[in-house]
Structure formats: C-alpha cells, structure tokens
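Reading through the structure tokens given below for one structure.
Position 1 is the first residue of the sequence, and the numbers go up from there. Values below: all heavy atoms of this structure, side chains included; hydrogens, waters and symmetry mates excluded.
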Amino acid sequence: MPLGEDQEAHPPHDPVHLVPLDALSATAGVRRRGEDPDHVQLLLEAGTDLPPILVHRPTMQVIDGMHRLRVAALRGRTHIAVRFYDGDSADAFVLAVRQNISHGLPLSLADRTAAATRITRTHPHWSDRAIARASGLSPKTVAAIRRRSSGEIPPSNTRVGQDGRTRPLDATEGRRRAGHLIAAHPTMPLRQVAAEAGISLGTAHDVRERLRTGRSPAPARSTAPSDSHIPPAVAPAPRAPLAPAPAPALVPAPVPAGTAGTRPRTPAAVLHVLRKDPSLRLTDTGRALLRLFDAQAQLMPQWNRLVDTFPHHCADMIVDLADTYATYWQHVATHLRTASAQPDTGHRMSS
C-alpha cells in the first residue's frame with residue numbers, strides 16, 4: 001500500500017525479527033555525510049538495548065537506524081532487531097526522512113532540502129504542505145524547490161493534500177462541468193455532481209449556490225469565457241444568501257380576508273409575536289418549535305464568522321447536514337403554506 005501524505009512517522013506494526021548484520025544494506029541513507037561519529041559514541045556509551053531498526057524488505061536497505069547498526073557492529077553483535085517495511089523504494093525514502101526528523105539525531109538543513117528535492121520528483125502529485133511535513137521544511141521552501149526543479153518534475157494538474165484528497169490545481173474546468181450538470185439535472189445529488197465533475201463536495205455546493213444567485217460557477221479570477229454557455233433558463237432559481245445582513249423580508253403566505261398587510265415582516269418581529277402565542281407557549285411541540293427558532297435567531301448575525309471558522313476536514317459533513325436540514329424546513333414551509341390556503345378545520349398542535 002502506498003505511503004500516505006498524512007501517515008505519521010513511526011515504524012509499521014510488523015513483528016521484530018533478528019537479522020544478520022551482513023544481510024543488511026547501509027549504502028544509501030538520508031544523511032549525505034553518513035553517520036555522525038559523536039552520535040555513534042553517545043549511543044555506544046549508553047550501554048542500553050536500542051530500539052529495532054527499520055528495513056526495506058525488498059532491498060534490505062536500512063530506512064532508519066544507521067547509527068544503531070554501527071553500534072551493534074562495534075559491540076560485536078552478529079544480529080540486530082529489525083522491523084520490515086514492504087512498500088516501494090520511493091515511499092521507503094519518504095519514510096526514512098520522516099523517521100529521521102521525528103527522533104534521534106536531527107537531519108541538517110542541507111539533508112532536508114535534498115530530501116524534499118527528491119520527494120518532489122518521486123511524488124510530484126503531493127502538495128507543498130504534504131512534502132513540507134514529510135521533510136521538515138516550510139511549504140514556501142518546498143514551493144521554491146519545486147519551481148527550481150520544474151524541468152525535472154513530470155507535469156501534473158492535480159495535487160494530493162495532507163488529508164489524502166486529490167484536488168486540481170485549477171478548479172475552473174471542474175466548476176464549469178458541475179455548473180452544466182446542475183443546470184441540466186437540478187435534482188442530482190451534490191455528491192454525484194462532485195464525483196462526475198472531479199471536484200470536492202464543498203466546491204459542488206459553492207457552484208450550486210453561485211448558480212442560484214445568478215453568478216458564474218467559477219469566481220471572477222478563474223472564470224473562463226465558456227462559463228457563460230451554461231443555460232441560465234434551466235438553472236435553479238436564485239435565492240437569498242445564508243447570512244442575511246440585513247435579514248430579508250419574509251414572503252407573506254395567504255391570510256384571511258381583512259388581515260392582509262397586518263402581519264409582521266421581519267424574522268425578529270415574527271418571532272416576537274410567536275413567543276406570545278399561547279398555542280405555542282403552552283404546548284410541548286410549540287415550545288420545541290420556539291426553541292428551534294430562538295437558536296436560529298441567535299445564529300443569524302454570526303453566520304459569516306461561523307462559516308469562516310469551520311474546520312476544513314468537516315466541510316463535507318457540514319454541507320450534508322445543512323442541505324438535509326434546509327430540505328426539511330422547505331418541506332415544512334411548503335406544507336404549512338398549502339394548509340394555510342385551505343379552510344380552517346380547527347387543527348392545532350397537540351401537547
């Protein structure tokens with residue numbers, strides 16, 4: 001299984017084996033100057049048993065533990081405790097770098113820079129942040145290394161982030177495909193749109209919201225001319241944004257003759273009236289409904305701040321919940337709007 005960008009730097013959960021020293025290869029490590037004699041002497045004088053070393057099973061190359069291997073030889077040992085890694089050579093090198101920046105003698109800046117340069121060649125689809133995390137450098141440094149090595153790195157239109165997801169470097173084309181899909185199939189689930197368009201679920205949600213408000217699927221900075229070819233006539237009807245500031249006026253439902261125009265028009269005013277209604281205050285279902293509206297009223301002024309602070313890794317789940325709850329409330333509104341147009345049958349909420 002390929003090494004993941006977000007896999008932590010620790011030995012695989014493999015049993016410990018006793019392996020002859022002369023069966024191991026220690027010719028190609030991540031330290032350009034080889035072992036540090038002072039560090040070897042420090043380990044030798046400690047006199048304690050050292051942890052197993054990590055070895056690439058297909059090549060028997062030591063991934064992590066060059067200094068421990070040298071100590072074992074100086075102590076006159078013929079065997080050493082080993083854990084094996086079975087991935088390919090490119091992933092074995094990444095694991096070696098991760099191991100050596102997480103414990104023991106730190107890698108020098110030159111060693112880490114050389115390692116990052118090699119990883120950009122062997123894993124060009126990894127994002128700058130993923131390579132930075134693996135090599136112990138900053139994302140900006142990795143980006144500079146990638147630019148310097150651009151002639152040697154195979155071109156790629158995607159990057160794999162630290163969360164393991166593949167994302168396009170330019171999402172314009174994917175947004176355009178999503179826009180056509182949503183326009184042609186307004187009821188298509190967003191997950192299906194995202195999968196067919198090759199974009200994230202969060203991006204698909206953003207495309208749908210942009211179409212509903214009459215905008216192009218892609219932001220102006222990445223909009224291509226062909227975006228305008230999406231048929232506006234079949235796109236979903238525009239609706240107000242999630243963070244109303246000021247709050248939009250409510251669309252009045254049919255009311256009995258003689259009372260039109262007397263109903264409060266803002267959410268705050270409507271809620272104030274509802275709180276005073278005994279049929280709501282004095283029933284379990286009515287109080288539950290008022291609590292829901294109260295929570296919504298408290299959140300409305302904070303939408304922009306809340307959206308900005310949502311954790312990225314939870315975005316897809318939040319989108320799903322928001323869509324699901326919005327659908328439920330739309331059903332409630334449609335049902336009540338239909339019921340209010342019918343003659344009053346005396347139906348009331350029951351406790």
Side-chain angles (χ1 to χ4, degrees), residues 1-14 28-32 54-59 61-64 83-104 106-175 177 194-195 197-204 206 222 311-316:
M1 180 179 178
L3 188 68
E5 303 87 291
D6 56 348
Q7 181 176 326
E8 294 297 330
H10 57 73
H13 298 292
D14 186 74
V30 295
R31 301 179 191 274
R32 300 193 302 170
L54 184 60
V55 173
H56 185 222
R57 195 194 305 267
T59 62
Q61 171 68 45
V62 176
I63 294 176
D64 178 48
R83 290 186 188 274
F84 285 113
Y85 174 70
D86 293 303
D88 62 28
S89 297
D91 284 347
F93 178 80
V94 175
L95 188 57
V97 177
R98 286 179 173 171
Q99 290 287 95
N100 281 276
I101 65 172
S102 66
H103 66 82
L107 292 177
S108 68
L109 177 59
D111 288 335
R112 285 178 282 132
T113 301
T117 302
R118 178 170 169 175
I119 296 172
T120 59
R121 298 191 187 106
T122 59
H123 297 72
H125 55 290
W126 280 18
S127 68
D128 292 341
R129 288 187 179 276
I131 296 177
R133 184 182 181 191
S135 60
L137 297 173
S138 71
K140 289 184 178 180
T141 301
V142 173
I145 291 172
R146 198 192 292 273
R147 286 194 297 271
R148 291 197 300 267
S149 307
S150 58
E152 307 170 26
I153 300 174
S156 173
N157 294 323
T158 61
R159 289 285 186 270
V160 180
Q162 296 183 78
D163 57 1
R165 295 184 178 183
T166 300
R167 296 179 175 83
L169 293 179
D170 183 359
T172 302
E173 182 59 33
R175 282 176 170 271
R177 287 195 299 269
I199 58 178
S200 70
L201 181 60
T203 301
D206 181 67
S222 59
H312 180 75
H313 66 279
C314 296
D316 288 354

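Across all non-hydrogen atoms, the minimal contact from T117 to T120 is O-OG1, 2.6 Å. Pairing each heavy atom of I101 with each of R133, the nearest pair is CD1-O, 3.7 Å. The minimum heavy-atom distance between H56 and G87, with the atom names listed, is NE2-O, 2.5 Å. Closest approach of A134 and I119 over heavy atoms only: CB-CD1, 4.5 Å.
Put simply, CD1 on I199 and CD on E173 are 11.0 Å apart, with the number rounded to the nearest 0.5 Å. Summarising the geometry, atom CZ belonging to F84 is positioned 10.0 Å from atom CD1 belonging to I63; distances are rounded to the nearest 0.5 Å. Here the CZ atom belonging to R118 is positioned 14.5 Å from the CD1 atom belonging to I145, to the nearest 0.5 angstrom. Residue R57 holds its CZ atom at 11.5 Å from OG1 of T59, rounded to the nearest 0.5 Å. Expressed to the nearest 0.5 Å, how far CD1 of I131 lies from NE2 of H125 amounts to 9.0 Å.
Between the R146 side chain and the P124 main chain, a donor and an acceptor come within less than 3.5 Å of each other.
Here the side chains of R175 and D206 are in contact, with some heavy-atom distance below 4.5 Å. Between N100 and D64, some side-chain heavy-atom pair lies under the 4.5 Å cut-off.
For T122, there are no side chain to side chain donor-acceptor pair (under 3.5 Å) partners at least two apart in sequence or on another chain. Listed by chain and number, the residues in a salt bridge (charged side-chain N to carboxylate O under 4.0 Å, His left out) with R112 amount to none (sequence neighbours excluded).
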Donor-acceptor contacts, no H, no angles, side chain residues 137-144, under 3.5 Å, sequence neighbours left out:
from	atom 1	to	atom 2	distance (Å)
S138	OG	T141	N	3.1
S138	OG	T141	OG1	2.9

